[in-house]
Engineer: 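One structure, as structure tokens, below. Some questions next.
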Amino acid sequence: MKPEFKRELAQFLSKQPRPFSIMAANDIIGMNVVGACRMAGLSIPNDVALVSVDNEELLCELSTPPMSSIPFDRHEIGFRAAERLDALMQGLIDYTPPLLIEPMPVVERASSILVSSGDATVNEALAYIRRNAASGIIAVDVARQASCSRRTLEARFRKELGCSILTEIHRVRVSLARHLLMETSLPINRVSTECGFNSVTRFGAIFTAMVGESPRRYRERRGTMRRDVGTGDRHGPASRSTGRQGKSGPGEKNRQYLYKKMEPPYSADTNPDRG
């Protein structure tokens, strides 16, 4: 971004009522927004919460503070485009209406983690949870860190955030689990351990309550196990169908996916304490 444009952006941002949020079209623009906020004397995330798109890890981690970003699902977009192009070339369809691809979850970093509580003790507890949720902490550890009794801290959490200490610990762990399920091929039990759960059964119950589907199903639908692009099979180790229907092209098994309706997005459970 040219310096004069960045100055104009800084001037514009400085006039906005605080706090406010910005959604950048990509990580490069997001980096420029960070620079403009610095010029305007705005604090991220206290004055401005920032989320960008692409999740280019080098850019996001080099940003000060590290920048939250939505991964761009290139594999899904490429697969769907090739799938529809094949159907057009086979003469199976004459027209393909626009298809909306469900976005991947935000990879949270410091640029969007804003505590809205006016209670300094709760803020300290939240920061501790975010730093240590994956290490197996429990509510009493959080209370000890905040230098107050668990009963007192629970009351403050419910007053300020409308949830329990345990719910917040679960929320942070599940957010990490979603990232690991999508971006790695770690076994489910290893994901459970890496996120701080003491058993894979409990992990599955809490994840399902908060996300609306099991970890395995989530991975199959959104993550690394859901497709093997090289073989054309979207749901695991594949065997490409060699059967041909009329004109040359992929087998009927692969074409059928084109006509399946997209599944609805997950719905978060409002009471994850039940897990």
Side-chain angles (χ1 to χ4, degrees), residues 1-78 81 98-134 146 156-157 159-163 167-168 171-172 174-176 178-179 182-183 222 265-266 268 270:
M1 181 180 291
K2 294 182 179 180
E4 57 268 28
F5 292 160
K6 187 176 290 188
R7 284 194 295 270
E8 289 179 11
L9 177 58
Q11 198 172 43
F12 170 77
L13 295 176
S14 66
K15 297 177 181 178
Q16 305 309 307
R18 307 174 197 178
F20 62 96
S21 303
I22 295 177
M23 174 80 179
N26 57 55
D27 294 331
I28 294 176
I29 293 176
M31 290 287 283
N32 282 288
V33 170
V34 170
C37 287
R38 189 176 298 115
M39 290 176 64
L42 296 172
S43 171
I44 299 175
N46 297 318
D47 296 323
V48 182
L50 173 63
V51 175
S52 63
V53 177
D54 280 347
N55 195 38
E56 295 289 345
E57 291 196 7
L58 182 61
L59 286 176
C60 292
E61 294 295 342
L62 285 177
S63 172
T64 305
M67 189 164 53
S68 298
S69 188
I70 302 171
F72 191 69
D73 201 346
R74 296 173 179 84
H75 292 295
E76 177 79 357
I77 293 170
L99 176 65
L100 298 179
I101 304 297
E102 184 181 348
M104 300 175 78
V106 176
V107 177
E108 287 186 310
R109 298 183 179 91
S111 72
S112 65
I113 298 177
L114 176 65
V115 178
S116 58
S117 169
D119 187 322
T121 300
V122 172
N123 290 349
E124 180 183 353
L126 287 171
Y128 177 77
I129 290 171
R130 291 182 179 118
R131 291 194 307 268
N132 298 282
R156 290 185 175 189
F157 260 67
K159 177 183 177 182
E160 296 293 328
L161 306 174
C163 70
T167 296
E168 181 62 18
R171 189 193 68 78
V172 174
V174 167
S175 178
L176 174 59
R178 289 166 64 187
H179 174 70
M182 287 191 305
E183 301 297 330
R222 303 286 297 276
Y266 69 84
T270 58

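All values reported here derive from a predicted model rather than from experimental measurement.
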Engineer: Nearest 0.5 Å, what's the CD1-CG distance between Ile28 and Asp54?
Structural biologist: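 Spacing of CD1 (Ile28) from CG (Asp54) equals 8.0 Å.
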
Engineer: So which heavy atom on Phe20 is nearest to which on Leu42, and how close?
Structural biologist: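 Heavy atoms of Phe20 and Leu42 come nearest at CZ-CD1, 4.2 Å.
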
Engineer: Calculate, to the nearest 0.5 Å, the distance between atoms CD1 and CD belonging to Ile129 and Glu168 respectively.
Structural biologist: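 One finds 5.5 Å between CD1 of Ile129 and CD of Glu168.
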
Engineer: Can you measure from CE (Met104) to CD1 (Ile70) and round to the nearest 0.5 angstrom?
Structural biologist: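 Between atom CE of Met104 and atom CD1 of Ile70 there are 10.5 Å.
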
Engineer: To the nearest 0.5 Å, what is the distance between CZ (Arg130) and CD (Glu108)?
Structural biologist: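 Going from the CZ atom of Arg130 to the CD atom of Glu108 covers 7.5 Å.
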
Engineer: Which pair of non-hydrogen atoms, one from Ala125 and one from Phe157, has the smallest distance, and what is that distance?
Structural biologist: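 Smallest heavy-atom distance, with atoms named: CB-CE1, 3.7 Å.
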
Engineer: Are Met67 and Val51 packed together at the side-chain level, in the sense that at least one heavy-atom pair is separated by less than 4.5 angstrom?
Structural biologist: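 No, every pair of side-chain atoms sits at 4.5 Å or beyond.
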
Engineer: Where do Pro71 and Pro105 come nearest, in terms of heavy atoms and distance?
Structural biologist: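 Result for this residue pair: CD-O, 3.2 Å.
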
Engineer: What heavy-atom pair brings Ala10 and Ala36 nearest, and what distance separates the two atoms?
Structural biologist: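 That closest heavy-atom pairing would be CB-O, 3.3 Å.
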
Engineer: Would you mind reporting whether Ile22 and Leu13 have side-chain heavy atoms less than 4.5 Å apart?
Structural biologist: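 Touching, per the 4.5 Å side-chain cut-off.
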
Engineer: Any side chain to side chain donor-acceptor pair (under 3.5 Å) involving residues 20-33? Give me the pairs, sequence neighbours left out, ordered by first then second residue.
Structural biologist: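 Only Asp27-Ser52, Asp27-Ser69 qualify under side chain to side chain donor-acceptor pair (under 3.5 Å).
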
Engineer: Quick one: side chains of residues 55-64, donor-acceptor pairs under 3.5 Å with protein atoms, not counting sequence neighbours, listed by atom name and distance.
Structural biologist:
residue: Asn55; atom: OD1; partner: Arg109; partner atom: NH1; Å: 3.0
residue: Asn55; atom: OD1; partner: Arg109; partner atom: NH2; Å: 2.9
residue: Glu61; atom: OE2; partner: Arg109; partner atom: NE; Å: 2.9
residue: Ser63; atom: OG; partner: Pro65; partner atom: O; Å: 2.8

Engineer: Would you call Ile44 and Val33 a side-chain contact if the rule is heavy atoms closer than 4.5 Å?
Structural biologist: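 No, side chains not in contact.
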
Engineer: Which residue pairs pass the side chain to side chain donor-acceptor pair (under 3.5 Å) test when at least one of the two sits in residues 9-19, sequence neighbours left out?
Structural biologist: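 Every pair satisfying side chain to side chain donor-acceptor pair (under 3.5 Å) with a residue in residues 9-19: there are none.
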
Engineer: So how far is it from Arg38 CZ to Lys6 NZ, rounded to the nearest 0.5 Å?
Structural biologist: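 NZ of Lys6 is found 8.0 Å from CZ of Arg38.
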
Engineer: Between Ser112 (side chain only) and Ser68 (backbone N and O only), is there a donor and an acceptor less than 3.5 Å apart?
Structural biologist: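 A pair under 3.5 Å: no.
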
Engineer: Measuring from atom NZ of Lys2 to atom CG of Leu9, what distance do you get when rounded to the nearest 0.5 angstrom?
Structural biologist: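 These two atoms lie 15.5 Å from each other.
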
